[in-house]
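This is a predicted model, so every value here is computed, not measured. Note that the numbering runs from 1 along the sequence shown for the chain. Atoms within a ligand are numbered from 1 in the order they appear, just like the ligands themselves.
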Amino acid sequence: MNMRGIHRATGLAAATILAVSGVAGCAKEDTSVTTDTGVKLIKAGALTTCTHLPYAPFQSKDTSGKVVGFDVALIDLVATKLSVTQEIVDTPFEGIKSGSDLNAGKCDVAAAGMTITDERKKVLDFADPYFDATQALAVVPGKEVKTLEELAGKRVGTQGGTTGEDYVKGQVAEKKLDITVVSYKDLAALQQALTTNQVDAAVNDLPVWNEYIKANPGKVAVATGFDTGEQYGFAVKKGNTELLKAINEALTAARSDGTYDKIYAEWIGEKPAS
Ligand code: GLN
C-alpha cells in the first residue's frame, strides 16, 4: 500500500478548517476547531503539543531556541497529516501525566518521552507505543556502582513524577534501602546536581543519559541499567479518538515507509536489534 499517497491526499482534504464558535456564558469558551478529517484541535492551524523541557534527545531547544527532537519530528508528521503546524507548550511534567493539561485544553497532544503506565492510562488515552526505554543509574566518571544497594547512606537524584523516580522509590521501600532520594524538577536540574556532586548517583531514562554523554563527554557515566521494559506513548485527552487515530496512522505510515527509521537514526542513533 502506498502510505505516502494516502498521506498527501489526506493533507489536501484537510486544507479547509471549520471554525466552531464559542458558547457565550460558559466558564471556558470553546475556541476549538475541527479539521475536515474530523479531528478537533484547540487552535486553528496548529497541533498544540504539551511537553516538558529539556528532555533531549526527545525534546530540547537548539541553539536558535527552536524545540527539536525525536518526539517533535514524529508529531510533525501528525501535524502535516492534518495540514497544520506543530506548536509546542513547555509545561511541568505533573500536568502532562495527570491529564490536567489536556483536560484544560492547554494542548491537543502530550509528547514528552512519556512512558505508558496503567496509572496514566486511567487519565490519558495513549497512542501506539513509539519507543522502548529502560532506566539507568548515572554517576560521575570513576565511581563504580552496579546496584542501588551499594549506595547505602548515599543520596540518589531523580526527576519528579517520572517512572525513574517511581522505580527508585519502589526499590528503596521494597528492599528497605538506606538511601536518600532527592527529587529534581527537571532533567537539567538533575544532571546539574549529579555533576556538582549534590547527589552520588542519578536515575533517569537511558537514552537521555546517552545523549548527555554525547554532548558532554567525560562528565557523567552510566554505571548500570535497570531493565524496566518501558514504552513511550503520545497521549491525548480521554475520548479524543479522532486525534488518536490520526497519530496512530501517522506512526504506522512512518514505520512502513522508512521515515521512522530515519528520524530514529537522526535523534537516537543506531537502532537496537529487535
Ligand atoms: N519516561 C519517563 C516517564 O514517563 C520520563 C519522562 C520525562 O521526564 N519527560 O516518567
Atoms of ligand 1 close to [X] [distance to a heavy atom under 4.0 angstrom, numbered from 1]:
X      : answer
Arg120 : 3 (C), 4 (O), 10 (O)
Phe93  : 3 (C), 4 (O), 6 (C), 7 (C), 9 (N), 10 (O)
Tyr232 : 1 (N)
Met114 : 4 (O)

Counting non-hydrogen protein atoms only, what is the nearest one to [atom]? Give residue, atom name and distance.
atom                   : answer
atom 8 (O) of ligand 1 : Gln159 NE2, 3.0 Å
atom 2 (C) of ligand 1 : Thr163 OG1, 3.4 Å
atom 6 (C) of ligand 1 : Gly113 O, 3.3 Å
atom 5 (C) of ligand 1 : Tyr55 OH, 3.3 Å

[X] bridged to [Y] by N-O distance under 4.0 Å:
X      : Y      : answer
Asp118 : Lys121 : yes
Asp125 : Lys238 : yes
Glu242 : Lys40  : no
Lys214 : Glu211 : yes
Asp101 : Lys106 : yes

| query | Just by modelled atom types, is the Val236 backbone N or O under 3.5 Å from a matching donor or acceptor in the Asn240 side chain? | reply |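 No: the side chain of Asn240 does not pair with the backbone of Val236.
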
| query | Is there a donor-acceptor contact under 3.5 Å from the side chain of Asp90 to the main chain of Leu53? | reply |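 Yes, Asp90 side chain to Leu53 backbone: donor-acceptor pair under 3.5 Å.
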
| field | Structural part of Thr115 in contact with ligand 1, heavy atom criterion under 4.0 angstrom | value |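 It is both backbone and side chain that touch ligand 1.
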
| request: With heavy atoms under 4.0 Å as the rule, classify the contact between Phe58 and ligand 1 as side chain, backbone, both or neither. | output: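 Within the 4.0 Å criterion, Phe58 makes no contact with ligand 1.
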
| Would one find an N or O of Asp205, backbone or side chain, under 3.5 Å from an N or O of ligand 1? |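 N/O-N/O distance below 3.5 Å exists for this pair.
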
| Identity of the nearest option to atom 9 (N) of ligand 1, non-hydrogen atoms only, from Ala112, Gly161, Gly233 |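 Looking at heavy atoms only, Ala112 sits closest to atom 9 (N) of ligand 1.
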
| query | Taking the six-membered ring for Trp, are Phe93 and Tyr55 ring centroids under 6.0 Å apart? | reply |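 Judged by ring-centre distance (under 6.0 Å), Phe93 and Tyr55 do not meet the cut-off.
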
